2 protein chains.
Amino acid sequence: MATKGIQSRNRQEITGRILTAAERVFAEFGYAGASISRIAAEAGIPKSNVVYYFETKELLYRRVVGEIFDIWRAAADSITVDNDPIRALGDYIDTKLDLARTRPFGSKVWANEIIQRAPIVQDYLEDELRSWTEDRIVVIEAWIERGKIRPISARHLLYAIWATTQHYADFTHQITTLNEGVELTNRQWEDTKNAVKDLLLSGVQIHGDG
Amino acid sequence: MATKGIQSRNRQEITGRILTAAERVFAEFGYAGASISRIAAEAGIPKSNVVYYFETKELLYRRVVGEIFDIWRAAADSITVDNDPIRALGDYIDTKLDLARTRPFGSKVWANEIIQRAPIVQDYLEDELRSWTEDRIVVIEAWIERGKIRPISARHLLYAIWATTQHYADFTHQITTLNEGVELTNRQWEDTKNAVKDLLLSGVQIHGDG
DNA sequence: AAAAATGTTGACCGATCGTGCAGAAATCAT
DNA sequence: ATGATTTCTGCACGATCGGTCAACATTTTT
């Protein structure tokens, strides 16, 4: 019992290393292009060992997708009826842009999966994403009814937020290339946050008369 | 000489069929996941014949990417200093959303390529896309200087337009799933155009005091 | 009509893929 | 200490991959 912990800790360490490697490799090569041997090499272990912990490529992949989905879901906690709309949406944009910077590979894996019509995680979309989305739409429409924001399309607002924030993760390479080949600095990421919020939330906010 | 045309016409027909099939297959499986045999099957010809016309998978892929890039470039013709900003940007958004509907596979191929850090078409980014982007930024900043639009970040405005419009192509499957599993109707696409323009151009337009 | 050029196809090659499996190694419970 | 359990790894398999090539069919040129 006293030594039981050692094995568990090792297990957690190694599965964590595999998941991190898998997220990167799946992002960089797509599901079909990612090979178990490449993931294993990135994690510094033999191929057979990856299979031992995750059984199949598909199960490993589902774990990777599930992780980023949970993280994104938590990012929208601020979107509730009682919160101030501009503040809540601004926080959501900030958080998602932080995630675009810190977890770009997860975002890319998700993008790849959706582009390829979700052959593996369609059940995620139909179960969890659908109800989650409807809940947020209800909140935004409640804000509209109470006259707190302009009567925009709640659904398309959500889509626009997803699109723009994830763009900075999925298209990092294009953005870097257009930034003279160097990654965005801290300052540029702050500028990005402000620019995205400015652009998107101007369409939401009720404009005063002066 | 009189019969020369027959072979040329056949050549054009068959390479066209291959390119259409390739665009779809590359979009659906990524570069690594797309196989020449699958493209050939989709085009209804033997694998060897695809190789005969395009030599390698990579050359075929470059042709596909080049096509969608040219189409997108032409879509921004309206962005010139002398045009009205809201009108010009609105036309650009409309055109790109039309392309999202009519050429979704090309958009997905591009997205896949950028996600994977442009292993094949990096020269496109550095040569053509970079100068093209800078030119548009100059136009938008000229609009700002002349007081025609709010002083937003021209670069991030472009990115936001790209992100939102391409989102409706790349994430079609997610959007369809969230639309109770059915594709968007003509009416819904019109609503989309208006919603995107409303959201993005509110941030651009100078708000009057009434 | 004969020669040349172009188009078409199936067979084949070496490489890599995901995965199953047997057995060695390490750790655990007793 | 010893047997049970878990962890680790090399090897082998059938399948599929991109690409080559030679044989054959068709069209074009002379």
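Quick note on labels: first sequence line is chain A, next is B, and so on, each numbered from 1. Keep in mind that what you see is a predicted model, and the values were worked out from it rather than measured.
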Original post:
Using a heavy-atom distance cut-off of less than 4.0 Å, which residues of residues 41-49 of chain A contact DNA chain D?
Top reply: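 Hits under 4.0 Å, by residue number: A:Pro46, A:Ser48, A:Asn49.
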Original post:
Residues from residues 52-64 of chain A sitting under 4.0 Å of DNA chain D, heavy atoms only?
Top reply: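 Going residue by residue through residues 52-64 of chain A, the ones with a heavy atom under 4.0 Å of DNA chain D turn out to be A:Tyr52, A:Tyr53.
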For [X] and [N], what is the distance between atoms [atom1] and [atom2] respectively, to the nearest whole Å?
{"X": "B:Ile36", "N": "D:dC17", "atom1": "CD1", "atom2": "C1'", "value": "9 Å"}
{"X": "A:Asn10", "N": "C:dA25", "atom1": "CG", "atom2": "C1'", "value": "14 Å"}
{"X": "A:Glu13", "N": "D:dT7", "atom1": "CD", "atom2": "P", "value": "14 Å"}
{"X": "B:Arg38", "N": "D:dA15", "atom1": "CZ", "atom2": "P", "value": "17 Å"}

Original post:
Are a donor atom and an acceptor atom from the side chains of A:Gln166 and B:His167 found within less than 3.5 Å of each other?
Top reply: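 B:His167 and A:Gln166 do not have a side-chain donor-acceptor pair below 3.5 Å.
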**OP:** Would you kindly say whether A:Ser202 and B:Arg150 are connected by a side-chain donor-acceptor distance under 3.5 Å?
**Re:**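 Present: a donor and an acceptor within the cut-off.
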Subject >> Phosphate OP1/OP2 of D:dT7: any A:Arg11 side-chain N/O under 4.0 Å >> reply: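 Checking D:dT7 against A:Arg11, a side-chain N or O does come within under 4.0 Å of OP1 or OP2.
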Original post:
Just wondering, are more than 12 heavy atoms of other shown residues or ligands nearer than 6.0 Å to CD in B:Glu134?
Top reply: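 More than 12 heavy atoms, drawn from other residues, nucleotides or ligands, come within 6.0 Å of this atom.
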Subject >> Heavy-atom neighbours of B:Arg117 CZ exceed 12 at 6.0 Å >> reply: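 Open: at most 12 neighbouring heavy atoms sit under 6.0 Å from CZ of B:Arg117.
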Original post:
Would you call B:Trp162 and B:Trp72 a side-chain contact if the rule is heavy atoms closer than 4.5 Å?
Top reply: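 No, side chains not in contact.
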Original post:
Are side-chain heavy atoms of A:Ile93 and A:Leu200 found at a separation under 4.5 Å?
Top reply: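 A side-chain contact under 4.5 Å exists here.
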Original post:
Looking for any heavy atom pair under 4.0 Å, which part of the strands does B:Ala34 touch: base, sugar-phosphate only, or nothing?
Top reply: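 Sugar-phosphate, backbone atoms only, no base.
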**OP:** Begin with the C-alpha distance, continue with both residues' side-chain angles, and end with the deciding distance and a verdict on side chain to side chain contact (heavy atoms under 4.5 Å, CB included) for B:Leu19 and B:Leu60.
**Re:** CA-CA 8 Å; B:Leu19 283 170; B:Leu60 171 56; 3.8 Å; yes
**OP:** Give a yes/no verdict on a cation-pi contact between A:Lys57 and A:Phe26, requiring under 6.0 Å between NZ or CZ and the six-membered ring centre and an angle within 45° of the axis.
**Re:**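 No, A:Lys57 does not lie over the aromatic ring of A:Phe26.
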